[in-house]
Trainee: 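Would you mind keeping the following structure in view while I ask a few things?
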Amino acid sequence: MSPNFQRDGYQIFRQVVPSNIIERLRTYLERSVASLTEATEATAIGLLPLKNRREPILWELAKAESVQNILKEILDAKSLCLSLAPTARFVPPGDRRPMVPAHQDSSYVTHLSNFVTVWVPLVEIDEKCGGVSVFKNSPAEVLPTRAVGNWHEALETNPSLKVDCAPMSPGDILIFNKFMIHQSMPNLSDRTRYSIDYRFFSSSIPSTRSYLSIDDWMIYDEICHPETKEMFLVEFEFDQYMNYIAGRPAEARPVKQ
Ligand SMILES: O=C(O)CCC(=O)C(=O)O
């Protein structure tokens, strides 16, 4: 199912997300962007604010069995987990500020030892309304880099190794590994680009940050015991998790490990 991923570290899978899921995700992003009232830092870099990205509607992608099967094979996983919260992006026509410079996701996602990124376009992607470019032969190691402003400084790249992942249509997904060097393509079209990128990992990998289990749809997180100061794993229903992150009383069940 994924020979190119195994060989190249990335692969586009065509028409694997049901159109009703794409429709719901796109409508949610369009409405969320329309309701943004102030020009925050998040909006300047084309990211929906965290409160929008925490909404369970973004989990819909993970409900598609076709997507689950691909991910289980690639990650060699019996069950899957989704790092929270996914990154929902919008790039207005001709706006270059949201363009993410060349990077490896492992520089940003340091709390997981292994994961893949799933990039999901919600509009037609072509050479004008660009999506993501990847760089072939990316090294299988984390390259040193440091955070500068909103992003990490751009990695040095070889233009002859660049592959523009275009065209892509809603329903297609791009999956790449944690070492893959990639960057945003500009949106030179007259349309807003909507997309979401997710980080999935196998349930056999520990995570020190909150994640969703695709088995039982519970949210798991490590919290610090108020007296012993030891970290231990708890599970939350979504509403209780929202209470927890808002600093309100929340019911969390300790998980036996
Ligand atoms: O969507 C983009 O422009 C960038 C995506 C990206 O950098 C990522 O998925 O890690």
Side-chain angles (χ1 to χ4, degrees), residues 10 12-64 67 82-103 105 108-109 117-135 149-152 154 162-176 180-200:
Y10 73 95
I12 296 175
F13 296 84
R14 304 275 177 198
Q15 295 307 296
V16 289
V17 190
S19 55
N20 59 333
I21 293 183
I22 293 291
E23 200 53 48
R24 281 206 292 279
L25 292 173
R26 184 176 45 232
T27 304
Y28 176 68
L29 260 69
E30 282 170 350
R31 287 195 182 140
S32 304
V33 171
S35 70
L36 294 174
T37 45
E38 14 161 342
T40 59
E41 194 187 2
T43 58
I45 58 171
L47 284 187
L48 278 187
L50 248 188
K51 78 171 169 31
N52 298 93
R53 296 196 278 121
R54 286 195 170 120
E55 284 299 320
I57 186 162
L58 295 191
W59 308 347
E60 294 283 305
L61 176 91
K63 293 188 180 153
V67 174
L82 169 62
S83 188
L84 295 178
T87 313
R89 302 179 197 262
F90 61 101
V91 184
D95 190 344
R96 284 177 174 267
R97 288 172 308 166
M99 286 184 58
V100 189
H103 66 284
D105 275 3
Y108 289 84
V109 182
T117 298
V118 180
W119 190 84
V120 183
L122 302 174
V123 297
E124 287 293 339
I125 297 297
D126 51 30
E127 284 297 332
K128 272 196 159 171
C129 184
V132 169
S133 305
V134 297
F135 289 86
N150 296 312
W151 318 116
H152 280 241
K162 181 161 82 73
V163 179
D164 292 343
C165 296
M168 286 183 72
S169 295
D172 298 347
I173 58 176
L174 163 68
I175 304 186
F176 51 85
M180 182 58 51
I181 301 177
H182 60 287
Q183 66 186 26
S184 305
M185 293 171 68
N187 179 6
L188 306 173
S189 74
D190 55 6
R191 301 177 279 125
T192 297
R193 187 188 98 185
Y194 294 101
S195 65
I196 309 176
D197 34 280
Y198 298 83
R199 272 107 210 137
F200 285 95

Trainee: Residues in salt bridge (charged side-chain N to carboxylate O under 4.0 Å, His left out) with Asp197, at least two apart?
Mentor: Arg89, Arg199

Trainee: Mind checking what makes side chain to side chain contact (heavy atoms under 4.5 Å, CB included) contact with Asp190, not counting sequence neighbours?
Mentor: none

Trainee: Find the distance between CG (Asn187) and CG (Asp95) and round it off to the nearest 0.5 Å.
Mentor: 8.5 Å

Trainee: Under the rule for side chain to side chain contact (heavy atoms under 4.5 Å, CB included), what residues qualify as partners of Pro93, not counting sequence neighbours?
Mentor: Thr192

Trainee: Can you give me the closest heavy-atom contact between Phe90 and Leu36, atom names plus distance?
Mentor: CZ-CD1, 3.9 Å

Trainee: State, yes or no, whether a side-chain contact exists between Ile125 and Val123 at a heavy-atom distance under 4.5 Å.
Mentor: yes

Trainee: Is the shortest heavy-atom distance from the side chain of Arg96 to the side chain of Leu188 under 4.5 Å?
Mentor: yes

Trainee: How would you list, by chain and number, every residue that makes a ring-ring contact (aromatic ring centres under 6.0 Å, His included) with Tyr194, sequence neighbours excluded?
Mentor: none

Trainee: With sequence neighbours excluded, tell me which residues meet salt bridge (charged side-chain N to carboxylate O under 4.0 Å, His left out) with Lys128.
Mentor: none

Trainee: Tell me every residue that passes salt bridge (charged side-chain N to carboxylate O under 4.0 Å, His left out) with Glu23, counting only those two or more places apart in sequence or in another chain.
Mentor: Arg26

Trainee: Taking the side chain as every heavy atom from C-beta outward, state whether Val17 and Val67 have any atom pair closer than 4.5 Å.
Mentor: yes

Trainee: What's the spacing between Trp119 CH2 and Thr117 OG1 if we round to 0.5 Å?
Mentor: 12.5 Å

Trainee: Please confirm whether the backbone N or O of Pro170 pairs with a side-chain atom of Gln15, one donor and one acceptor, at under 3.5 Å?
Mentor: yes

Trainee: For a 4.5 angstrom cut-off between non-hydrogen side-chain atoms, does Pro167 reach Glu124?
Mentor: no

Trainee: Tell me, please, which residues at least two apart from Val118 pass side chain to side chain contact (heavy atoms under 4.5 Å, CB included).
Mentor: Leu61, Leu71, Val120, Ile173, Ile175, Tyr198, Phe200

Trainee: So how far is it from Met185 CE to Asp126 CG, rounded to the nearest 0.5 Å?
Mentor: 8.0 Å

Trainee: Taking only residues two or more places apart in sequence or in another chain, which ones pass side chain to side chain contact (heavy atoms under 4.5 Å, CB included) with Arg14?
Mentor: Ile12, Met168, Asp172

Trainee: Would you say that Gln183 contacts Phe135 through its side chain, given a criterion of any heavy-atom pair below 4.5 Å between the two side chains?
Mentor: yes

Trainee: Can you name the residues that form a ring-ring contact (aromatic ring centres under 6.0 Å, His included) with His103, not counting sequence neighbours?
Mentor: Tyr108, His182

Trainee: Okay, side chain of Ser184, backbone of Val100: is any donor-acceptor separation there less than 3.5 Å?
Mentor: yes

Trainee: With rounding to the nearest 0.5 Å, note down the distance linking CG in Leu25 to CD in Glu60.
Mentor: 6.5 Å

Trainee: Could you work out, with ring-ring contact (aromatic ring centres under 6.0 Å, His included) as the rule, every residue matching Trp151, not counting sequence neighbours?
Mentor: none

Trainee: Which atoms form the tightest heavy-atom contact between Pro121 and Ile22, and what is the distance?
Mentor: O-CD1, 4.3 Å

Trainee: For Lys162, check salt bridge (charged side-chain N to carboxylate O under 4.0 Å, His left out) against everything at least two apart and list the hits.
Mentor: Asp164

Trainee: Could you go through residues 48-59 and list every donor-acceptor pair under 3.5 Å that involves a side-chain atom there, pairing it with any protein atom two or more places apart or in another chain?
Mentor:
unit_1	atom_1	unit_2	atom_2	d
Arg53	NE	Leu48	O	2.8
Arg53	NH1	Pro86	O	3.1

